[in-house]
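A quick write-up on the structure given underneath.
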Protein chains: 2
Amino acid sequence: MQELTLRQQEILLWIRQYMVDHGIPPTRLALCAAMGFRSPNAAETHLRALERKGAIELVQGVSRGIRLVEDPKEASGLPLIGKVAAGQPILAVAHIESYEPVDPGLFQPVAHYLLRVQGESMRNAGILEGDLVAVHHTLIVQNGQIVVARLEDEVTIKRFYRQGERVELRPENPDFPVIEVNLKKQALHIEGVMVGLIRT
Amino acid sequence: MQELTLRQQEILLWIRQYMVDHGIPPTRLALCAAMGFRSPNAAETHLRALERKGAIELVQGVSRGIRLVEDPKEASGLPLIGKVAAGQPILAVAHIESYEPVDPGLFQPVAHYLLRVQGESMRNAGILEGDLVAVHHTLIVQNGQIVVARLEDEVTIKRFYRQGERVELRPENPDFPVIEVNLKKQALHIEGVMVGLIRT
DNA sequence: TCCTTAACTGTATATAATTACAGTTACTTG
DNA sequence: CAAGTAACTGTAATTATATACAGTTAAGGA
C-alpha cells in the first residue's frame with residue numbers, strides 16, 4: 001500500500017469506523033456529510049485516490065461498493081515470535097514475524113504471544129518443531145510447568161523445577177540433556193509459561 | 001430468534017455467503033436473481049419475514065440496509081465437535097459442543113471444524129488426548145495424511161494408507177494396532193483431513 | 001514559471017435500489 | 001369452511017446512489 005496523505009488517512013479511518021457502526025460501507029453522500037464536503041465529487045475523488053494507493057477497492061456501478069484492503073496487522077491477533085536474536089528482549093518488535101488470527105482469550109490464562117518451536121526437545125509432551133506455543137508472559141511459574149526461559153542469550157522451552165537456588169530445565173525427550181542452573185552463578189530469565197499450542 | 005421456514009433458511013444462508021463473497025449485503029434484485037424470483041417484492045417480503053423472526057435487521061430507506069443478527073460466537077469461530085454419537089453424521093448440530101474463537105483461515109487448507117481427540121493412539125505425531133484437531137472437510141485424501149474417518153459408527157483419527165481396495169489406518173503409537181479395512185466388506189467414511197491442532 | 005497533484009465547489013444525470021400497491025396459489029389451522 | 005400465512009407475479013413510483021463534467025485554490029517540484 002502506497003503512503004496516504006493525512007486527509008486520506010482520516011477518511012480511511014472514518015470509513016472503517018462507519019463499517020463497524022453500520023455493518024455496511026458508506027455512500028459518497030454519507031462521506032460528504034461526515035467530512036463537511038459540499039460536493040459529492042470530493043468524496044468520489046478521495047475514494048479514487050484511496051483505491052489508486054491500494055487502501056480500498058471500488059466496485060463499479062454498485063451502491064456502497066467499497067471494499068477494505070485490510071492490513072493484516074490490524075486483525076486483532078497474537079504476535080508470532082520467530083527467531084530471537086541473542087541479547088534482545090523476546091518481545092522486541094523486530095522479532096515479530098507476523099500476527100496470527102487467534103483470540104488471546106482462547107487460552108487460560110490469556111496468551112500474550114506465540115513462539116515458534118525450534119528443535120525436538122519437547123517431543124514427548126506433544127510439542128514438535130515448527131509448532132506455535134502460546135505463552136502467558138509472567139514471572140510466576142510453578143514446578144512442573146512448561147516455561148519459556150532465556151539462559152545466556154538463548155531462548156528455550158522446557159519443564160521447570162526449582163529447589164532453592166538450583167533450577168532444572170528438563171526436556172521431554174530422552175535424547176536431550178537436563179539443563180541445570182545455579183541462580184547465583186547464571187542469569188535465568190523467565191519469559192512466561194506455556195498456556196497452549198497451535199499447529200498449522 | 002423464531003424458527004425459520006426451509007425457504008427462509010435457504011435465503012438467510014445465501015445472504016451470509018453473499019456478504020462473505022462481496023463484503024456488502026445484497027440488494028433485493030440480487031436476491032431475486034439468485035433465487036429465481038421474477039418480482040422484487042418476493043425478495044422484499046422474505047426480508048421482512050426474516051426481520052420479523054429476528055434473523056436480520058432492515059434499515060429503512062438505505063440501500064443494502066441488511067444487518068445480520070448473529071450469535072457472535074458463530075460469526076467468526078469454528079464449531080468444536082465433542083463426542084460423536086454412533087451412526088450420526090459428524091457435523092450434526094447436536095455434536096457441536098461450542099464455538100472456539102479461531103480464524104478458519106489460520107489453517108491451510110481452510111479448517112471447517114475442530115474435533116476433540118480421544119485416546120493416545122496418535123501420541124508420537126504430537127497429538128495428545130484432549131487436543132483439538134482442526135479438520136478440513138473433504139473426501140480427497142492422500143496416502144500418509146492424517147485423516148478423520150468413520151468406521152462402523154466409530155470416529156477415529158489415524159494416518160491413511162490405501163492400496164486398491166485395502167486401506168490401512170495406522171496409529172502413531174506402538175501400543176495401538178494398525179486397523180485394516182477392506183473397502184468391499186466394510187464401509188469407511190472419510191470425514192476430512194487434519195490441517196492443524198490446538199491445545200488449550 | 002510551468003506543471004502536477006491534493007483538495008475541494010457546483011451542477012447534472014443515469015441508474016441502482018427501495019418500497020408501495022394489487023393480485024394469485026397453495027397449504028395449514030381453528 | 002373461513003381465515004391466516006407462505007410464497008410468490010407484475011407494475012410503478014420515488015428515492016438513493018454513483019459518477020461524469022467543468023471549474024477553483026493552494027502547495028511543491030522541475
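Order of the sequence lines fixes the chain letters, A, B, ..., with proteins taken first and strands second; residue numbering starts at 1 for each chain. Because the structure is predicted, anything quoted here is derived from the model rather than measured.
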Between A:Ser63 and B:Ala42, just flag the one whose closest nucleotide in DNA chain D comes earlier from the 5' side.
B:Ala42

Mind checking the CG-CD spacing from B:Leu13 to B:Gln8? Nearest 0.5 Å is all I need.
12.5 Å

How close or far is atom P of C:dA6 from atom CG of A:Leu47, stated in whole angstroms?
14 Å

Whether over 12 other heavy atoms sit under 6.0 Å from B:Leu6 CG
no

Nearest-Å distance for atom pair CD/P, residues B:Glu44 and C:dT18:
8 Å

Starting from P on C:dA16, measure out to CZ on A:Arg64 and report it in whole angstrom.
16 Å

List, with names and distances, any nitrogen or oxygen atoms from the protein found under 3.5 Å away from nitrogen or oxygen atoms belonging to nucleotides 10-13 of chain C.
from	atom 1	to	atom 2	distance (Å)
C:dG10	N7	A:Ser39	OG	2.8

Hey, what do you get for CD1 (B:Ile15) to CG (B:Leu68), rounding to the nearest 0.5 Å?
7.0 Å

CG of B:Leu31 versus P of C:dT18: gap in Å, rounded?
10 Å

If you compare every side-chain N and O of B:Arg48 against the phosphate oxygens of C:dA20 (OP1, OP2), does one of them come in below 4.0 Å?
yes

Could you state the atom-to-atom distance from CG of A:Leu29 to P of C:dA17 in whole Å?
15 Å

Are the side chains of B:Met122 and B:Asn173 in touch, meaning some heavy atoms are under 4.5 Å apart?
no

Extract, from 5' to 3' on DNA chain D, the first and final nucleotides lying under 4.0 angstrom from some heavy atom of chain B.
D:dA6 to D:dT17

Between A:Arg64 and A:Thr27, is there a side-chain donor-acceptor contact under 3.5 Å, judged purely by atom types and distance?
no

Does either side chain, that of B:Glu154 or that of B:Thr156, offer a donor lying less than 3.5 Å from an acceptor on the other one?
no

Between A:Trp14 and A:Tyr18, how do the two ring planes meet: parallel, tilted or perpendicular, split at 30° and 60°?
tilted

B:Ile24 atom CD1 is separated from C:dT18 atom P, nearest whole Å, by 10 Å

Between CG of B:Asn41 and CZ of B:Arg48, what distance do you get to the nearest 0.5 Å?
8.5 Å

Roughly, in whole Å, what's the span from CD in B:Gln60 to P in C:dA17?
19 Å

Any chance you could measure A:Glu180, atom CD, to A:Gln186, atom CD, to the nearest 0.5 Å?
11.0 Å

